[in-house]
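Report on the following structure.
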Amino acid sequence: MAHAAGVLRISVNPIYPPLEFRDPVTDALTGFDIDFGNLLAARMGMTVQWIETSFPQMTASVQSGRTDMILSGFSDLPQRHTLLDFVPYLQSGAQVLVRTDDYISDPAELCGKDIAASRATSFPSFIQEWSRKNCIAAGRPAMKFYPSESGADARIQLLQGRVAAMVQGRETVGYFIQITHNAFRRLGSPLSHMTLAMAFPKNSSALKENIQSAFNQIKNDGTYTKLLEKWSLLNDSIEAIEGVTP
């Protein structure tokens, strides 16, 4: 067993900065989740074996025993609860971004305008729902969804002025504002609210409890906060919603 050998096998899909990605210079795995997983394992007296897994295969990888857990920007969704157990560690949701130099001050000003988001995410549905409630219901023209191939593509469309705004995960926003030297700014509150969580096979209570204990330790000694600060995630701390069932 991996635990007896002192190795924690974690599924990761490193395409989601700042949570997990490959350093463009060294090609090494880096990001908040990488630091976080290594730190949790160390508190448990273990080391991590990061196993790169495609997103569609993550659940099957854990259920089959190929890996012990998922730590890869994985959303804690109700429909997944019959398959996996969860320990939430970050807040998430769909956040609207505009260019910092743009005049827009209220999301309602986006009615009738083009809004970009990755077509492969749930963000298009959040845009359409927000538009129905806040544009169409108020007699304003609907927002127009501009399908992008990725979050990076959506940011390019916004920077080049092809769209008025874009939507991406709130947990990625601080990082991209920082690395683009404040080229973007948040507009209003997130359109949705959920949590990102570590995921485990059903009935893997011992591992889940050990991870939760290690997580509690790094929250109590301030290490979690320092890690959030390092990766521009202070606004997305799970501590603000602890005690609330997702």
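Starting from 1, each residue takes its place in the sequence as its number. Below, all heavy atoms of this structure are taken into account, side chains as well, without hydrogens, waters or symmetry copies.
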- Task: For Y175, check side chain to side chain donor-acceptor pair (under 3.5 Å) against everything at least two apart and list the hits.
- Result: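 By the side chain to side chain donor-acceptor pair (under 3.5 Å) rule, Y175 matches no residue at all.
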
Which atom pair, heavy atoms only, marks the closest approach of [X] to [Y]?
X	Y	value
A214	M44	CB-CG, 4.0 Å
A116	I127	O-CD1, 4.4 Å
A183	L159	CB-CD2, 3.9 Å
G37	V48	O-CG2, 3.5 Å
L29	R22	N-NH1, 3.7 Å
E20	G73	OE2-N, 3.4 Å

Indicate, with yes or no, if [Y] and [X] share a hydrophobic cluster defined by side-chain heavy-atom contacts under 4.5 Å among Ile, Leu, Val, Met, Phe, Trp and Tyr.
X	Y	result
L97	I156	no
L196	Y224	yes
L71	Y16	yes
V62	V87	no
M198	L8	yes

- Message: Using the rule side chain to side chain contact (heavy atoms under 4.5 Å, CB included), only one of V12, N13, D33 pairs with L19; which is it?
- Response: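 Only match with L19 under side chain to side chain contact (heavy atoms under 4.5 Å, CB included): D33.
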
Tell me the disulfide bond (SG atoms under 2.5 Å apart) pairs involving [range], sequence neighbours left out?
range	result
residues 11-43	none
residues 195-226	none
residues 52-92	none
residues 17-98	none

- Query: Residues in side chain to side chain contact (heavy atoms under 4.5 Å, CB included) with S105, at least two apart?
  - Reply: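 Checked S105 against side chain to side chain contact (heavy atoms under 4.5 Å, CB included); matches are E109.
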
- Query: Passes side chain to side chain contact (heavy atoms under 4.5 Å, CB included), L77 versus M194? Steps please.
  - Reply: CA-CA 8 Å; L77 302 175; M194 63 185 72; 4.3 Å; yes

For the pair [X] (side chain) and [Y] (backbone), establish whether a donor and an acceptor sit closer than 3.5 Å, ignoring hydrogens and angles.
X	Y	answer
S192	A94	yes
T26	A28	yes
Q95	G188	yes
R99	L158	yes
T180	F176	yes
K219	I238	no
D85	N203	yes

I want to check something: taking the side chain as every heavy atom from C-beta on, are [X] and [Y] in contact at a cut-off of under 4.5 Å?
X	Y	answer
I115	V163	no
D35	K230	yes
P201	Q63	no
T223	L39	yes
E171	L233	yes

- Taking 4.0 angstrom as the limit, do K226 and E229 come out as a salt bridge?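 Salt bridge absent between K226 and E229.
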
- Message: Walk me through whether Q91 and T195 qualify under side-chain hydrogen bond (donor to acceptor under 3.5 Å, both in side chains).
- Response: CA-CA 4 Å; Q91 294 192 67; T195 59; over 6 Å; no

At what distance, to the nearest 0.5 angstrom, does [atom1] of [X] lie from [atom2] of [Y]?
X	Y	atom1	atom2	answer
M166	S148	CE	OG	7.0 Å
Q217	S213	CD	OG	5.0 Å
T53	I70	OG1	CD1	8.0 Å
R170	N235	CZ	CG	7.0 Å
Q49	I10	CD	CD1	10.0 Å
R80	S75	CZ	OG	5.5 Å

- Kindly determine whether F184 and N182 satisfy side chain to side chain contact (heavy atoms under 4.5 Å, CB included), including the steps that lead there. CA-CA 5 Å; F184 307 104; N182 297 302; over 6 Å; no

- Query: R186 and V96: side chain to side chain contact (heavy atoms under 4.5 Å, CB included), yes or no, with the steps?
  - Reply: CA-CA 6 Å; R186 297 173 179 86; V96 178; over 6 Å; no

- Mind jotting down which residue pairs meet the ring-ring contact (aromatic ring centres under 6.0 Å, His included) criterion with at least one end in residues 24-56? Sequence neighbours excluded, please.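 The answer is F32-F36, F36-Y89, F36-F215, F55-F74.
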
- ring-ring contact (aromatic ring centres under 6.0 Å, His included) contacts touching residues 116-140 (sequence neighbours left out):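 As it turns out, there is no ring-ring contact (aromatic ring centres under 6.0 Å, His included) pair with a partner in residues 116-140 once direct neighbours are skipped.
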
- Query: In terms of side-chain heavy atoms, does T172 have a donor or acceptor partner in Q168 at a distance below 3.5 Å?
  - Reply: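 Present: a donor and an acceptor within the cut-off.
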
- Query: Among all residues two or more places apart in sequence or in another chain, which pass the ring-ring contact (aromatic ring centres under 6.0 Å, His included) test with Y146?
  - Reply: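 Applying ring-ring contact (aromatic ring centres under 6.0 Å, His included) to Y146 gives none.
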
- Query: With a cut-off of 6.0 Å (strictly less than), are more than 12 heavy atoms of other residues, nucleotides or ligands near CD of E52?
  - Reply: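 Atom CD in E52 is crowded, with more than 12 foreign heavy atoms closer than 6.0 Å.
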
- Selection residues 110-124 - residue pairs positive for side-chain hydrogen bond (donor to acceptor under 3.5 Å, both in side chains), sequence neighbours left out: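 side-chain hydrogen bond (donor to acceptor under 3.5 Å, both in side chains) check on residues 110-124 returns R119-E149.
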
- Candidate pair M69 and I211, rule side chain to side chain contact (heavy atoms under 4.5 Å, CB included), full reasoning: CA-CA 10 Å; M69 60 180 285; I211 289 287; 4.0 Å; yes

- Message: Can you list, by chain and residue number, the hydrophobic cluster partners of I51 when the side-chain cut-off is 4.5 Å?
- Response: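 Members other than I51 - counting any ILVMFWY side chain reachable under 4.5 Å - there are none.
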
- Item | Audit row: D221, R43, salt bridge (charged side-chain N to carboxylate O under 4.0 Å, His left out) steps and yes/no | CA-CA 12 Å; D221 68 15; R43 291 296 175 102; 2.8 Å; yes

Distance-only check: which donor-acceptor pairs under 3.5 Å involve side-chain atoms of residues 135-145, not counting sequence neighbours?
residue, atom, partner, partner atom, Å
R140, NH1, N134, O, 2.8

